[in-house]
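In this text the structure is predicted, and so the values were computed from the model without any measurement. Worth knowing before you read on, the calculation uses all heavy atoms, side chains too, and leaves out hydrogens, waters and symmetry mates. Chain A is the first sequence line, chain B the second, and so forth, proteins listed ahead of strands; every chain is numbered from 1.
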Amino acid sequence: MDTIGLLLNTTLVFSTALILVALGGIFSERSGVVNIGLEGLMIIGAFSSAVFTYYGHEWGLGGASAWFGVLMSIVLGAAFSLLHAVATITFKANQVIIGVVINILALGLTVYLVKSLFNGSGQTENLSGIAFTKYNVPFLSDIPLIGDALFKAYPTTYLCYLLVFVSWYALYRTRFGLRLRSVGEHPGAADTVGISVTKYRYIGVLLSGALSGLGGATISLTTTYDFSHTTISGQGFIAIAAVIFGRWHPIGAAAAALFFGFTQALRFQAGLFDWSKSIPNEFLYMLPYVLTLLVLAIAAGKSRAPAAVGEPYDPSKR
Amino acid sequence: MQAFNKIFTKQETYVPFVAIVLGLLVGAIVMWLGGYNPWEAYGAMLNKIFGSKYDFGEAIRQVTPLIFTGLAVAFAFRAGLFNIGAEGQFITGMTAATWIGINLDLPWFIHMPLAVIVGGIAGALWAGIAGWLKASRGVNEVISTIMLNWIAYYLANYMVRVVMVESGQNRSKDIQETASASMDWLVSILDNARVHWGTLVAVLCAFVFYYILWRTRQGYELRASGFNPDAAHYAGINVKGSIVKAMMISGALAGLGGAFESLGVFKSMAVMNALPGYGFDGIAVSLLGGNNPFGIIFGGLLFGFLSYGSTGMSFEADVPNEIIRIVIGAVIFFVASHGIVKWFLKPFFRKRREERKEAA
């Protein structure tokens, strides 16, 4: 692969998780619930997929073990987000604080479990050979440059773009999407016409858990091949930035996530050019965060959050 | 007695206590499910904290940065801002103080205070970026401070690895003796536990916190802007200025915590391989303390002791010390969703009400 093809290809790899998690964030925020806990939900997903892919292989699932891991990460991600939903929707707790709690609990719990399951070791068993491998789309992958860049990717990447489309369709072309958005914009009005605010907010938060779990899984199954306390370090927060930069729209957020994925891919390519070799590593690692901040400084004022986001719904104040 | 009862039936006071009990219970259940003995583990924890003079001093050392970051988070919170960036401000404060500590030659009565103050200023400026972005560009401070955390982290690692490095080591040079903030007399009493002046400064900061917010005009303006920005603006308060000011004071508190961590405890800075976590724990501390400066001292003591004691748990009872993160997470969870706590307590209250009815 030539440099540009490789750069675009790694961009796809890195942005996959960000796109999935950002989609989750959109469902949650569109229903009116801020989810700072995306990072923690990703941690749960990365952990579950690493553990269950390993055990799936032990139990003789063979080639399907990675998909078993993915399934478990979706289920457990959603299950963990239930904690967020119960606290913030049913008990009207502060959404940002509960999000922070989700992050603390997820990291503590998963590292605790890893140490308990793998005899005190800080990371899970290595999954190379069991985890996903890149899939070359027949014929299309032979196209020069474009083939390298777009059609030699992991199956999760193709799944991710399918989900971008599905999310857009669900949010903007179905009754479900209209109701979900109405609950995030004006819960009082939605309630008056008989839409259950509680139900749609639960769905929004659980979807964010499922999608973040899946996003976390793509990292341990295509990038790190194991799970430790550093597997997820800030990607969940970058996904939140992608949601804001993408103006709470699936396609916008996917574009933003691609941009952030590109900045992450850049640092792996920096060693290839003479002029960039002398840049200290730390500055390359910093790049995604600096760019995110700059982008937000330029774009934040223009993007508008769902009107009721962050406020617990209280029918008595309708 | 009636007054005493009143204190404990007021939601703000009993919720944290019930939350702590529930949090420890959650920890016990998780340990029990994992096949460990919770009694033994909590016993080992207490033993670690109060077992020796050295350990007690070290536990106090662990508490100190938590009071600083707890105050930092709470100060921003009082002004309606959620400062998740105490972490980054802590790191910048630590880095700046270490640089002053290494590179200047001054008598101790100037050197140490100067390093501390520069640490505080560095934290203030770092937080000020987020404040400015919020005030002038409308960037949500939650997102911007998270980004600034990571930028501070990599910047600090660069400073340690390249600018201040002790050659051949993975850490910075040692700070000069004159910049040390250790309480030397107490260190020798407590068998070399690394106690330092920062603890006293932290307590002092709690009083300053109270004074600024509730005894000055500026504090009133900060609280008003946090409570209702539109009303505050209408009343002629400079809300944007208040945002920047509140963030900077918040950052200064976190920066001071970082400065003392280097000048008082480690005397140098290591290359970090993860965020130190004091800023995130500060959120927990400020919540448990009800964003009240004196509640925060209590919250800092609790979480500091828990974190320090957890090392004893893994050493003596073989329980992974991450269990304490679960306990801390659970405690904040219950404090934040006090509805759940009340739901747990409902049977008790109902009983009491019935008893009262019977008595009447």
Please examine the side chains of [Y] and [X], heavy atoms only from C-beta on, and report whether any two atoms are closer than 4.5 Å.
| X | Y | result |
| --- | --- | --- |
| N157(B) | Y285(A) | no |
| L133(B) | L293(A) | yes |
| I97(A) | I332(B) | yes |

Region of [X] in contact with chain A, defined by heavy-atom distances below 4.5 Å:
| X | result |
| --- | --- |
| V319(B) | side chain |
| N149(B) | neither |
| I283(B) | side chain |
| V30(B) | both |
| L155(B) | both |
| I151(B) | both |
| M159(B) | neither |

Checklist outcome for this item: Rounded to the nearest 0.5 angstrom, the OG1-CE distance for T292(A) and M147(B) is 5.0 Å

Checklist entry - OH of Y153(B) to CE of M286(A): how many Å apart, nearest 0.5 Å? => result 11.0 Å

Checklist entry - Quick one: which residues of residues 98-109 of chain A reach chain B at under 4.5 angstrom, heavy atoms only? => result I98(A), V100(A), V101(A), I104(A), L105(A), G108(A), L109(A)

Checklist outcome for this item: Filtered by a 4.5 Å non-hydrogen cutoff, the part of residues 110-119 of chain A contacting chain B is V111(A), Y112(A), K115(A), S116(A)

Under 3.5 Å, sequence neighbours excluded: what are the donor-acceptor pairs made by side chains of residues 77-86 of chain B?
residue: R78(B); atom: NE; partner: N291(B); partner atom: O; Å: 3.1
residue: R78(B); atom: NH2; partner: N291(B); partner atom: O; Å: 3.1
residue: N83(B); atom: OD1; partner: G85(B); partner atom: N; Å: 2.8
residue: N83(B); atom: OD1; partner: A86(B); partner atom: N; Å: 3.4
residue: N83(B); atom: OD1; partner: Q89(B); partner atom: NE2; Å: 3.2
residue: N83(B); atom: ND2; partner: Q89(B); partner atom: OE1; Å: 3.0
residue: N83(B); atom: ND2; partner: S250(B); partner atom: OG; Å: 2.8

Check this for me: [X], atom [atom1], are more than 12 non-hydrogen atoms of other residues, nucleotides or ligands nearer than 6.0 Å?
| X | atom1 | value |
| --- | --- | --- |
| D318(B) | CG | no |
| K92(A) | NZ | yes |
| H249(A) | NE2 | yes |

Checklist outcome for this item: On a heavy-atom basis, the closest approach of A93(A) and A336(B) is CB-O, 3.5 Å

Next on the checklist: Looking at every non-hydrogen atom in both residues, tell me the closest pair between A297(A) and R137(B) and how far apart they are.
Outcome noted: O-NE, 2.7 Å

Checklist entry - Under 30°, 30 to 60°, or over 60°: which ring-plane class applies to Y289(A) and W150(B), parallel, tilted or perpendicular? => result parallel

Item to check | Non-neighbouring partners of F260(A) that pass ring pair (Phe, Tyr, Trp, His ring centres under 6.0 Å), sequence neighbours left out | outcome: none

Next on the checklist: Heavy-atom pairs under 4.5 Å with chain B: which of L83(A), T88(A), T230(A) has the most?
Outcome noted: L83(A)

